[in-house]
Amino acid sequence: RFNKKAQPKHLVEIKGVPILLWTLSTVLELDEESLVTVVTNEKNLAATKEKLTLVKDQRNSDRITITLGGEHRIDSFYNGLNYQKTIKALNQNSIIGLIDANRPLVQKSTYKNLISLAIRQHCSCPTRDITNGIANVHNKKITNVPNKKEYHHFYTPEFIKYSVLNHTNNQNIKFNSMVEYALNAGIEPSRIDSDELTC
């Protein structure tokens, strides 16, 4: 959607600063103890590492690691999580975030609300109403037009308790979102209203 073939989205600059660093600057303000693992593909690894050197505050740069992603989005998530576990042990109440570097305008208050919900309710994400029509499709034909008021778009950032993630992980099932992991564990994720800065 950025139509950037020569440069990955997370390194596109806004006011001379890569999108990744705008996102990181907000995330690192949330908690002085939190760790961030940036996950990227091999093609972009060197360029991403170079941009991470622009993080001026040594205390913050020490909290950032980088590792290679996987073939699919969730494989990349687990590569990042497993790499992070080699640095710091996680307990069952640790909160894990799945954050898209390409959402640099997400507000600190949004992150804080989502983390607070995840602490109390085990999983959280922002959602918003579906505005366009939706349909069920089977064999390339529309079979039903459900009531769109019963559906929402959901977005990153998603947060989940490590214990909930482990519940499904122990079954060797892989989903594409933290929401699906929570549902598989019998937990209905909490949501907040998404704003335009998030979606």
Side-chain angles (χ1 to χ4, degrees), residues 1-4 8-10 12 14 19-20 22-23 26-27 30 36 39-41 69-81 93-199:
R1 284 173 288 190
F2 275 52
N3 198 24
K4 288 280 182 183
K9 287 186 289 186
H10 68 284
V12 171
I14 299 174
I19 286 176
L20 169 65
W22 285 109
T23 303
T26 305
V27 171
L30 296 172
V36 175
V39 183
T40 191
N41 60 32
E71 188 174 334
H72 302 288
R73 180 176 188 249
I74 202 63
D75 297 324
S76 295
F77 168 79
Y78 273 107
N79 283 4
L81 180 64
N93 289 318
S94 294
I95 300 297
I96 310 299
L98 173 58
I99 296 167
D100 187 341
N102 300 314
R103 298 194 195 280
L105 304 179
V106 176
Q107 300 294 289
K108 187 176 175 180
S109 59
T110 299
Y111 284 117
K112 285 190 165 193
N113 288 341
L114 289 167
I115 291 168
S116 178
L117 271 176
I119 289 168
R120 294 191 322 270
Q121 305 292 329
H122 306 291
C123 183
S124 63
C125 71
T127 73
R128 71 173 177 166
D129 295 338
I130 290 175
T131 55
N132 298 323
I134 58 172
N136 295 112
V137 175
H138 183 70
N139 291 332
K140 298 184 180 182
K141 294 184 179 180
I142 293 174
T143 59
N144 182 36
V145 177
N147 181 355
K148 66 184 176 186
K149 289 183 179 179
E150 296 176 6
Y151 296 89
H152 275 215
H153 289 283
F154 68 96
Y155 299 90
T156 57
E158 295 177 82
F159 291 91
I160 194 166
K161 272 192 181 170
Y162 186 54
S163 58
V164 177
L165 198 57
N166 267 345
H167 177 273
T168 302
N169 199 25
N170 290 338
Q171 301 170 11
N172 290 322
I173 302 171
K174 289 202 175 171
F175 294 112
N176 289 318
S177 67
M178 301 303 99
V179 164
E180 292 166 286
Y181 281 97
L183 289 170
N184 184 69
I187 292 165
E188 294 179 341
S190 297
R191 56 162 294 279
I192 64 169
D193 288 325
S194 179
D195 57 24
E196 293 302 317
L197 297 174
T198 301
C199 61

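Everything numeric in this text was worked out from a predicted model, so none of it was measured. All residue numbers in this chain count up from 1 along the given sequence.
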Could you please spell out the steps behind the side-chain contact (heavy atoms from CB on, under 4.5 Å) verdict for Ser116 and Arg120? CA-CA 6 Å; Ser116 178; Arg120 294 191 322 270; 2.7 Å; yes
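Atom CD of residue Glu180 and atom CD1 of residue Ile160 lie 10.5 Å apart, to the nearest 0.5 angstrom. Here the straight-line distance linking atom CD1 of Ile130 with atom CD1 of Ile134 works out to 4.5 Å at 0.5 Å rounding. Interatomic distance, OH of Tyr155 versus OG1 of Thr127, reported as 9.0 Å (0.5 Å rounding). Rounded to the nearest 0.5 Å, atoms OG (Ser124) and CG (Leu117) are 5.5 Å apart. Atom-to-atom distance recorded for Thr23:OG1 and Tyr111:OH is 5.5 Å, nearest 0.5 angstrom. Rounded to the nearest 0.5 Å, atoms CD1 (Ile187) and NE2 (His122) are 5.0 Å apart.
Residues Leu165 and Leu81 are in side-chain contact: their nearest non-hydrogen atoms beyond the backbone lie under 4.5 Å apart. The side-chain heavy atoms of His152 and Asp129, taken from C-beta on, include a pair separated by under 4.5 Å. In this structure, Phe175 and Leu183 have side chains that are not in contact, with every pair of non-hydrogen atoms separated by 4.5 Å or more. Residues Trp22 and Val27 form no side-chain contact, since every pair of their non-hydrogen atoms from C-beta on lies 4.5 Å or further apart. You'll find the side chain of Ser177 reaches within 4.5 Å of the side chain of Glu158, heavy atoms only. The shortest side-chain heavy-atom distance between Lys112 and Leu30 falls under the 4.5 Å cut-off. Residues Leu98 and Arg73 have side chains in contact (heavy-atom distance under 4.5 Å, counting atoms from C-beta outward). In this structure, Val164 and Cys123 have side chains that are not in contact, with every pair of non-hydrogen atoms separated by 4.5 Å or more.
Among Thr198, Thr110, Thr156, the single residue meeting the side chain to side chain donor-acceptor pair (under 3.5 Å) criterion with Arg103 is Thr156.
The minimum heavy-atom distance between Val39 and Gly80, with the atom names listed, is CG2-CA, 3.6 Å. The nearest pair of heavy atoms linking Gly70 to Asn79 is N-ND2, 3.5 Å. Contact between Pro157 and Ile99 at its shortest, heavy atoms only, is CB-CG1, 3.9 Å. Considering every non-hydrogen atom in both Thr131 and Lys148, the closest pair reads O-NZ, 2.8 Å.
Judged by distance alone, the side chain of Asn139 and the main-chain N or O of Lys141 form no donor-acceptor pair under 3.5 Å. Under the 3.5 Å distance criterion, the side-chain polar atoms of Gln121 are left unmatched by any main-chain donor or acceptor of Ala118. A donor-acceptor contact shorter than 3.5 Å is absent between the side chain of Ser76 and the backbone of Gly69. One N or O on the side chain of Gln107 and one on the backbone of Leu105 form a donor-acceptor pair closer than 3.5 Å. Side-chain atoms of Lys161 come within 3.5 Å of backbone N or O of Ile119 as a donor-acceptor pair.
Between Arg128 and Glu196, at least one side-chain nitrogen of the basic residue sits less than 4.0 Å from a carboxylate oxygen of the acidic one, meeting the salt-bridge criterion. Ion pairing of Lys174 with Asp75 is present here, as a side-chain N (NZ or NE/NH1/NH2) and a carboxylate O approach within less than 4.0 Å.
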